[in-house]
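Structure record follows, encoded as structure tokens.
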Amino acid sequence: MTESRVRPILLLLSGNLLGAAVGGTFFLVASWRFSLAEMGRYAVAISVQWVVFGLVGTGLAIATLRLARDRLAEEDRGGAAGIVANAALTAGGVAALTAAVAYVVLGPFEERLAITPEVVTLAVLWAGARAVLDIMRSGLLAQQDFRRAAILTAGSAATGLAALAIALGTGELTVQRLLTAHAVGLFAGALVGIPLLLPLGRGGVRRHGMRPLLEYARWPAMSEGTRLLQGNLGPPILVGLAGATQAGLFGMGRYPAYLFDVVAVTLYQYWLAKAVQVPDHASMRGYIGRQLQLAGTLGIAMVASAFVVQPLLPLLGENFARAGPLFVLSSVDFALILLVRPMETVFHGLRRPRLELAQRTMSLPILFLAAWFLAPRWGAVGMAGAHISASAMSLVVGALLLRYALRSELGR
């Protein structure tokens, strides 16, 4: 790997690892304070947050990077700044409105729900804060400013840790208070990070129509929403099919493996920023070949690391001790996901986001079917197997669509 690739990846990874460390601290504190049933409800809230973030934030973040990069290529910095501002305000407004609607709609059914309307509302606000922060990061990545992107992520990690400390120091920890700390920490991180984007709008912020942004964003929004739905359906499904305790056990095993997903997300950020700059379609073959080789090597390293780390999990507490095998199975799932990620960036590099959505929607039914058969019988282990099955299908479909996309583009 050349130095030009290593430095930006390490910059992004350093910031993302700090963010993951703070998220891990939240989860570790929860595992010490909550029962497995409470951990199940917390895991469901985490899943709700990621799904809403996928629908509200990631589509706008990817569209921001793609369209702001186009404006910068035309030396229109004001237009690029306008895209970032419009996307951030839209994501924040949609999340706030969704949170209010969720609270009102779910209120009458509180006694029948596995989690309270307050928990759902806070999870949605948490997703909104994450969406705004991710859009700001896209504004920096569009400029290839990996250093400031890493600083933005590290800053949000610091504000998140401060919010957790305040929650612990001001009363008994509950799921609601922990979710409030999540949301406040990320929102504060976005406010602190605004100065990092000021150079982009130094010459003024030019108003940019919302239509191009929303038209492009709808495809990655549906695609990322589907991906995050697939990746976070485990706890909600297990609550219904096997109970909150199995959902909590699944979350205990899967959450440590999210460290591997941090690697995948970091590389996706780098790959996406690079894919949109590949000069011609013919060069895309060489680009994807190099990235798949890197993804395959790191995927093997992930699974090997999980086997090495598994005996150490009991040191984190009794709940983690019971989840060792699930941690290894989750690492296999994330290794498969990593292999798919560079393919998805090619679809955006070719300006064909519909293919990314097609690849993900084809694998989602596999998850539901496998979960329906495996989860009632084997609980959390069965759910882990369902995730692996869906990720394997996503890899196969992604490879077929990638081959089709490259052939059709080069044949023009």
(request) Output, in order, the C-alpha distance, side-chain angles, deciding distance and verdict of side chain to side chain contact (heavy atoms under 4.5 Å, CB included) for L374 and M383. (result) CA-CA 7 Å; L374 299 177; M383 193 68 236; over 6 Å; no
(message) Does D134 form a side chain to side chain contact (heavy atoms under 4.5 Å, CB included) with R137? I'd like the steps, not just the answer.
(response) CA-CA 5 Å; D134 210 44; R137 186 185 297 109; 2.4 Å; yes
(request) Could you walk me through whether R254 and H387 pass the side chain to side chain contact (heavy atoms under 4.5 Å, CB included) test, one step at a time? (result) CA-CA 11 Å; R254 191 166 179 82; H387 274 286; 3.9 Å; yes
(request) Given side chain to side chain contact (heavy atoms under 4.5 Å, CB included), test T116 with Q176 step by step and report yes or no. (result) CA-CA 9 Å; T116 65; Q176 288 89 335; 3.8 Å; yes
(request) Could you go through the side-chain hydrogen bond (donor to acceptor under 3.5 Å, both in side chains) check for R177 and T170 one step at a time? (result) CA-CA 10 Å; R177 286 172 57 82; T170 56; 2.7 Å; yes
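For the atom pair CG of L197 and CD1 of I135, the computed distance is 11.0 Å after rounding to the nearest 0.5 Å. Of the inter-residue distances, the one linking T153 atom OG1 with L133 atom CG reads 6.5 Å to the nearest 0.5 angstrom. Atoms CZ and CD1, from F334 and I388 in turn, are 11.0 Å apart once rounded to the nearest 0.5 Å. Distance check: I366 CD1 to S389 OG gives 8.0 Å after rounding to the nearest 0.5 Å. In this structure, OG1 on T361 lies 8.0 Å from CG on L364, to the nearest 0.5 angstrom.
Partners of R148 by salt bridge (charged side-chain N to carboxylate O under 4.0 Å, His left out), not counting sequence neighbours, listed by chain and number: D145. Not counting sequence neighbours, E75 has no partner by the salt bridge (charged side-chain N to carboxylate O under 4.0 Å, His left out) test.
In this structure a side-chain-to-backbone donor-acceptor pair under 3.5 Å is present from S31 to L28. In this structure, the side chain of S330 does not engage the main chain of F327 through any donor-acceptor pair within 3.5 Å. T159 places a side-chain N or O within donor-acceptor distance of the main-chain N or O of G189, the cut-off being under 3.5 Å. Side chain of S394 to backbone of A390: no donor-acceptor contact under 3.5 angstrom is found. A donor-acceptor pair under 3.5 Å links the side-chain atoms of Q246 to the main chain of A380, judged by distance alone.
The shortest heavy-atom contact between A91 and V56 is O-CG1, 3.6 Å. Scanning both residues, F53 and A127, for their nearest heavy atoms gives N-CB, 3.6 Å. In terms of heavy-atom proximity, V84 sits nearest to G139 at CG2-CA, 3.7 Å. Of all the heavy atoms in A30 and L178, the pair that sits closest is CB-CD2, 3.8 Å. Across V175 and E38, no two heavy atoms sit closer than the pair CG2-O, 4.2 Å. Considering every non-hydrogen atom in both L338 and A264, the closest pair reads CD1-CA, 3.7 Å.
Contact check for V22 versus L164: no side-chain heavy atoms found under the 4.5 Å cut-off. Between W126 and I46, some side-chain heavy-atom pair lies under the 4.5 Å cut-off. Within the 4.5 Å cutoff, side-chain heavy atoms of L173 are placed close to those of F34. Between L72 and Q143 the shortest side-chain heavy-atom distance falls below 4.5 Å. In this structure, M343 and L395 have side chains that are in contact, with non-hydrogen atoms separated by less than 4.5 Å.
Residue-environment remark: CD (E215) exceeds the threshold of 12 foreign heavy atoms within 6.0 Å.
Under the 30°/60° scheme for interplanar angles, the aromatic rings of F146 and Y270 are found to be tilted.
No option in V132, L213, I83 other than L213 meets the side chain to side chain contact (heavy atoms under 4.5 Å, CB included) test with L60. A side chain to side chain contact (heavy atoms under 4.5 Å, CB included) with S138 is found for exactly one of T64, L67, I62, namely T64.
Checked against the 6.0 Å centroid threshold, Y268 and W271 do not count as a close aromatic pair.
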